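Take a look at the structure set out below.
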Amino acid sequence: MSHLSHLLVVAPLVGLVSWFIVPLAKRAFRYLPPGPKGLPFIGDVKHASDQSWLASPQRKDDYGDTVDLQLNLFRNVLTHLSGELMYLSVFGQGILVVNSQRVAVDLLEKRSNIYSDRPRYISFNEFLTENLTFAFTGYGDLYATRHSVFFLRLFPIDGAGSGVLQWKASRNLSYQTSTPSRVVKAIMLALSLMKSSLMKKHFQRHAWSIILSINYHLPPVESEDDPVIVGVVNHVERAARELRPGARLVEYFPWMRYVPSRFAKWKRDAQYWFIQDSLRHEPLLSKVADDLAKGIDQPSFGATLIKNQGKYHLSERERAWLVGDMLSAGGNTTSTTLHWWLLALLAHPEVQVLAQAELDEVVGCARPPTFADLPSLPYIRAMVKEALRWSPTAPFGVPRASSADDWYEGMFIPKGTIIFPNMRVINFETAVFGVDSARFNPARYLDEKGRVKVVMEGREEGHMTFGYGRRVCPGRLVAEGTLGIDFATLLWALRFERPEGAQGELDVHTLVHTGIGANGHPAPFECKAVPRFAEAEVLLKEALNLYE
Ligand code: HEM
């Protein structure tokens, strides 16, 4: 045999071995990232369903050293992960908690082709929402179509829409306008807080009211008993329950999805609520379509989507859910951040004093602030960043899933693993945010001249709360704008205090939650809002009249 014929025989064999045998052998010698062992068969249900346990920075120490300097047979690299990854298994389903910005970027951004999927969640995706929620759409063609809706900037720039785009543009000092609808809602929130101490309720109504006007150009919602608001609150709570690890056995035994509904209450309920939620979403968008047909063209996400529907080939129900889903994605997240921010103000009174000094100097006492003031309010803008960084609103973001087997620094990450970026740990990394990273301190985002500075290279937001890479939150500008005008208006009008006689240290650590993917609220606390000056209420009402 000539050298050439040898080569012709050997080369395909080598190719076959490296393509087929090596991955198999690698699987056999795979090292899963470290983590608690759990019980035989069921695995670690207990820890996986305990969000506070998972989110605790202590886990980084608990599972840090166990894999130090581990020799990987196939890559010949020395691995030193120092608690950056923690792996749990529940009925064989792998869950990977990512505890560092370095690893989160490596996996969720640099390997986004593998880590941009969402978990399957049979009960939630297939029955409760019939795969119609955008945030839980699997990564693929359908996702690309739905995503393009956001890409084309369907959030309108004017009127009820994303005032923050104007704020961002106004940074260039070329586009100085305010957004009446957002300012009106911030003023209404301030007036409501003056009258009652049900802060959490007011924050929720306010945040949902904003999304309703962005989505459908609806007027502000006056009461938390509004049927649309009640419907969304219930939907979000149901969704959170379904998404809790261990909530439904069908997630671990997928054959259970074929059990007839009459024998499976979970399935019957999910199917019932899917119809109810569709009946809530659809009329809202139909009303926008009817208005457009009558020539009433008000700026809203829904109107823009309807006008562009020829480009997307989405069914009527799909469109209604795509728009309606913004209520779930954007309402609770924003109101929960407001709730944490309030707690932070009470725990750090000096921050409130500094913000109010800035407002007094820039805005004065004769009128409430507008979007046009925000470029001149660096402390308030820094406070938006700090509130988003510090609040564990979405402590694990929205879970991702891996769509292929992967190896990372000697560790094996099986296909289908659910990935939780541990935002509370990542946003507190001392190397980035300093040794006082656990403290609420907006000044960390200001330079020595008091200007907003970049603390994370290439990331203008300055935190990771909106997630990573291809699935980063498309509502982040909306959220930033809402928080900016809200903080400015509320602190201009009100001083937040603990009621007389309130004792003890405020609990800024406890995370009250209903499930993974749900928002983490602070433990209940009392607060009162006191007008800062006698004319505040009158001036707010006058400003409101100006916008009407
Ligand atoms: C404080 C407010 C908010 C926070 C903390 C937040 C956080 C997040 C996070 C962590 C994700 C997952 C990103 C990832 O997988 O890497 C996400 C996704 C998403 N957010 Fe937000 N969000 C907020 C406000 C909003 C608003 C106001 C809207 C809409 C108006 C919105 C719409 C969405 C949607 C549609 C997704 C799914 C994106 C996808 O799967 O591709 N969010 N958000």
Side-chain angles (χ1 to χ4, degrees), residues 26-75 77-108 111 114-115 117-121 243-247 251-252 392 395-429 468 511 513 515-517 520:
K26 271 181 173 177
R27 258 178 175 262
F29 286 96
R30 61 192 201 168
Y31 295 104
L32 292 169
K37 285 248 178 308
L39 297 168
F41 182 62
I42 61 169
D44 203 354
V45 185
K46 180 170 161 267
H47 286 140
S49 51
D50 183 347
Q51 210 171 97
S52 301
W53 186 90
L54 288 176
S56 162
Q58 179 61 34
R59 303 291 85 80
K60 226 178 149 176
D61 300 333
D62 292 350
Y63 300 101
D65 294 331
T66 48
V67 289
D68 272 359
L69 306 177
Q70 188 172 70
L71 184 64
N72 180 300
L73 287 180
F74 288 94
R75 297 221 164 165
V77 288
L78 293 173
T79 303
H80 186 178
L81 281 169
S82 299
E84 290 173 272
L85 289 178
M86 178 174 75
Y87 188 88
L88 296 88
S89 171
V90 179
F91 288 109
Q93 168 64 60
I95 297 175
L96 185 70
V97 180
V98 177
N99 280 325
S100 85
Q101 167 73 349
R102 180 183 79 91
V103 178
V105 169
D106 281 353
L107 298 184
L108 304 181
R111 298 186 190 181
I114 296 181
Y115 293 97
D117 208 358
R118 297 282 189 216
R120 193 165 158 212
Y121 292 128
L243 294 171
R244 213 172 42 215
E251 310 303 340
Y252 310 104
F396 295 104
V398 180
R400 301 280 188 95
S402 62
S403 50
D405 281 351
D406 193 22
W407 280 262
Y408 180 73
E409 300 198 351
M411 300 286 111
F412 178 65
I413 303 171
K415 176 180 174 178
T417 299
I418 297 177
I419 323 286
F420 293 148
N422 193 347
M423 299 301 192
R424 223 181 185 187
V425 171
I426 292 171
N427 275 333
F428 281 17
E429 281 189 0
Y468 291 87
L511 205 60
H513 58 88
I516 295 291

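The shown structure was predicted, so the numbers you read here are calculated from the model rather than taken from an experiment.
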Worksheet item: What are the two closest non-hydrogen atoms of H47 and L88, and how far apart are they?
Response: CB-CD2, 3.9 Å

Worksheet item: Within the distance-only criterion (no hydrogens, no angle test), does the side chain of R400 pair as donor or acceptor with the backbone N or O of Y115 below 3.5 angstrom?
Response: yes

Worksheet item: Any donor-acceptor pair under 3.5 Å linking the side chain of E251 with the backbone of R120?
Response: no

Worksheet item: Q101: what forms a side-chain contact (heavy atoms from CB on, under 4.5 Å) with it, not counting sequence neighbours?
Response: V105, I426, E429, M456, R459, M464, Y468

Worksheet item: Taking only residues two or more places apart in sequence, or in another chain, which ones meet D117 in a side-chain contact (heavy atoms from CB on, under 4.5 Å)?
Response: Y139, A401, S403

Worksheet item: Considering only heavy atoms from C-beta outward, does the side chain of P33 approach that of E84 to under 4.5 Å?
Response: no

Practice prompt. Taking all non-hydrogen atoms of both residues into account, name the closest pair between D405 and K415 and its distance.
Written response: OD1-N, 2.8 Å

Worksheet item: Where the side chain of D44 meets the backbone of S89, is there a donor-acceptor pair that is under 3.5 Å apart?
Response: no

Worksheet item: Say you draw a straight line from CG of N422 to CG of N427; how long is it, rounded to the nearest 0.5 Å?
Response: 9.5 Å

Worksheet item: Below 4.5 Å, heavy atoms only, C-beta onward: do Y87 and M411 meet side chain to side chain?
Response: no

Worksheet item: Taking side chain as C-beta onward, heavy atoms only, is V98 less than 4.5 Å from F420?
Response: no

Item to complete: Of all the heavy-atom pairs spanning I114 and A404, show the shortest one and how long it is.
Response: CG2-O, 3.8 Å

Worksheet item: Do the non-hydrogen side-chain atoms of L96 and L107 ever get within less than 4.5 Å of each other?
Response: yes

Discussion item. Donor-acceptor pair, distance only, cut-off 3.5 Å: does the side chain of N99 make one with the backbone of G83?
Written reply: yes

Worksheet item: Do side-chain atoms of S402 reach the backbone of P414 as a donor and acceptor pair under 3.5 angstrom?
Response: yes

Worksheet item: With side chains defined as the heavy atoms from C-beta onward, is the minimum distance between Y31 and F412 less than 4.5 Å?
Response: no

Worksheet entry | Closest heavy-atom pair and its distance - G520, P395 | N-CD, 4.1 Å

Worksheet, complete the sentence: Rounded to the nearest 0.5 angstrom, the CG-CG distance for L85 and L32 is 11.0 Å

Practice prompt. Could you please spell out the steps behind the side chain to side chain contact (heavy atoms under 4.5 Å, CB included) verdict for I413 and W407?
Written response: CA-CA 6 Å; I413 303 171; W407 280 262; over 6 Å; no

